[in-house]
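Since the structure comes first, as structure tokens, the remarks are kept for the end.
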Amino acid sequence: MLAATAAPRIDAKRRVVLDHRKRQFAQAQWAEQDYTHRMNFYTIPPTGDITLEQFEEWGIARLKVLAELEACQSRNRTPAETEEYMRPVMEKHMRLSSNRSNNSERDMERKKDHYSHWTLRLAFSGTADLRQRFARLETQLFKLRFQHDDGKERKEFITSLPMSWETVSDEEKKLWLEELKAATNSNNKTDEESWFKVDWEKVPELVERRQVLLKRGQAYVHVREQTSMVVNEFSRTLESGLELAARFLPRMDEDNRLAPILHHLSQSFTAPDAGYSEESSIGDMASISAASIDGLSSHFPLCMQNLHRELRKNSHLKHFGRLQYTLFLKGIGLNLQECIVFWRKSFKLIADDKFKSEYLYNIRHNYGEVGGDANKRGRGYTPYSCQKLLTEAPPSAGQTHGCPYRTYSPDNLITLLQHVGVSDREVLRDVREYVGKQRYHIACNRVFEAAHKGEIKKVKDQSLWPASELDTILHPNTYFKRSFLLKNLGKVQSGDIGVDGPTQQMSD
Ligand code: SF4
């Protein structure tokens with residue numbers, strides 16, 4: 001895939017001086033693959049052509065699915081709850097149609113699945129910790145899909161695997177039936193069951209649990225064990241593939257187009273990146289003014305509540321705090337004029353002249369009214385995502401920007417949460433636990449869910465919102481809008497959350 005993607009852009013001179021050991025990349029043969037099965041063991045790297053945008057976008061989409069899976073695990077969801085939660089997530093980001101579906105996008109979906117797996121395999125092969133985490137989540141994803149594959153298609157997929165197992169013939173079954181049933185704990189009274197045989201070394205766990213019949217070095221395994229065998233084999237193959245990818249990784253550093261993308265993706269394991277969407281603004285359903293920010297701040301996530309509290313306490317915020325907060329306010333729908341009013345009133349200890357000379361320009365710059373670079377199209381900067389806030393350099397003394405779940409010590413974090421009204425002991429205990437595991441955005445989502453428990457139950461029970469509107473929050477502006485809408489249920493309609501239906505005005 002990489003050779004194919006890079007090939008049209010490789011400088012001819014550079015190709016000539018390529019180290020002989022790297023020529024395999026320069027002379028790669030590429031071709032589109034056929035995707036006969038819905039499921040994939042990802043043993044063959046993709047060799048077709050895709051654009052750099054697809055390379056990154058597909059990687060991000062897969063990452064979202066893996067992150068949601070990890071979030072389910074962190075929240076101790078049962079397999080049934082995980083499956084229910086993941087269905088719309090997979091449908092939205094990594095749909096995979098069966099052969100029966102006749103979906104015209106089917107091949108493209110499988111291609112995306114294949115390429116995105118390999119993109120992330122490269123991105124997460126750098127350290128043992130990343131490899132382990134990636135292999136665990138990919139195995140879970142594989143299992144989830146495999147268990148819900150169409151029965152016939154699953155059988156065909158299993159047959160296609162190079163797993164060197166053989167179905168026990170009817171003659172052999174007759175010969176050993178009683179022994180087979182006894183050894184594999186089968187209570188089935190009929191003869192309809194099936195077994196297959198495999199080298200005993202391939203199934204050490206089953207041998208250890210005494211759940212196979214052993215004969216001449218072969219283990220006779222009941223068909224019900226097949227899923228776990230396939231899943232284990234997937235995991236083993238992936239783990240050794242990741243070791244191999246790690247050895248090739250230094251070569252990727254030479255590619256100045258792929259290396260930054262891979263770096264960005266690997267960073268996204270802290271919290272997947274989420275772009276800001278203008279739909280996160282509530283400007284079309286409530287009039288937002290400088291005067292309404294105090295009231296609206298109850299819907300703010302902790303990072304922004306913290307800045308708001310500091311601002312009110314000291315009538316001042318340092319540069320990065322102002323930047324983070326201004327962009328957030330802009331994202332919720334506060335227009336430039338009102339934003340200037342907001343800061344002017346908030347900095348009440350500062351004289352007009354000083355405000356104009358030291359602060360005004362930056363506010364206008366953030367809105368794109370002045371300045372060049374990012375403001376070329378006059379839109380200014382976009383609000384920061386959780387990923388950005390969780391991965392930027394931590395604030396130094398006196399600064400309050402960033403994500404408090406990461407920047408505060410656990411004890412100070414709990415105190416801060418109590419100050420903003422989170423008192424449930426169970427929630428605070430979970431926050432401590434998540435933060436201890438560096439699952440900062442999961443801790444934040446836990447607080448959100450506790451604060452909106454009743455409303456979330458209502459939208460779920462009455463199917464008021466699509467399930468995808470309740471996925472893990474990855475952006476402070478998403479936190480705000482979701483909180484605002486949940487606390488105003490009945491006053492705003494589903495169309496207001498950017499799904500469908502008309503938008504309704506409401507006063508604040
Ligand atoms: Fe803000 Fe995101 Fe941190 Fe929550 S996880 S406090 S929304 S940066």
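Numbering of ligands and ligand atoms starts at 1, following listing order.
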> Is there an N/O/S atom in Cys386 at a distance below 2.8 Å from atom 1 (Fe) of ligand 1?
Replying inline: no
> Are Arg87 and Glu91 close enough for a salt bridge, meaning some N to O gap below 4.0 Å?
Replying inline: no
>> Please determine whether a side-chain nitrogen of the Lys or Arg among Glu433 and Lys437 lies less than 4.0 Å from a carboxylate oxygen of the Asp or Glu.
In response: yes
> In ligand 1, which numbered atoms sit nearer than 4.0 Å to a non-hydrogen atom of Cys444?
Replying inline: 4 (Fe), 5 (S), 6 (S), 7 (S)
>> Quick check on atom 2 (Fe) of ligand 1: does His441 put an N/O/S atom closer than 2.8 Å to it?
In response: no
> Nearest protein heavy atom to atom 1 (Fe) of ligand 1, by residue and atom, and its distance?
Replying inline: Cys303 SG, 2.3 Å
> Should Arg309 and Val420 count as side-chain neighbours, where that means a heavy-atom distance under 4.5 Å?
Replying inline: yes
> Does ligand 1 have an atom under 4.0 Å from some heavy atom of Tyr405?
Replying inline: yes
> Should Tyr35 and His114 be marked as a ring pair (Phe, Tyr, Trp, His ring centres under 6.0 Å) after you check the CA-CA gap, both sets of side-chain angles, and the distance that decides it?
Replying inline: CA-CA 9 Å; Tyr35 298 103; His114 186 203; 5.5 Å; yes
> Counting each atom of ligand 1 from 1 as listed, which ones have a heavy atom of Pro476 under 4.0 Å away?
Replying inline: 7 (S)
> With a cut-off of 4.0 Å, which atoms of ligand 1 are near a heavy atom of Cys403?
Replying inline: 3 (Fe), 5 (S), 6 (S), 8 (S)
> Any side-chain heavy atom of Leu238 sitting closer than 4.5 Å to one from Phe41?
Replying inline: no
> Can you tell me if NE2 on His316 sees more than 12 non-hydrogen neighbours from other groups inside 6.0 Å?
Replying inline: yes
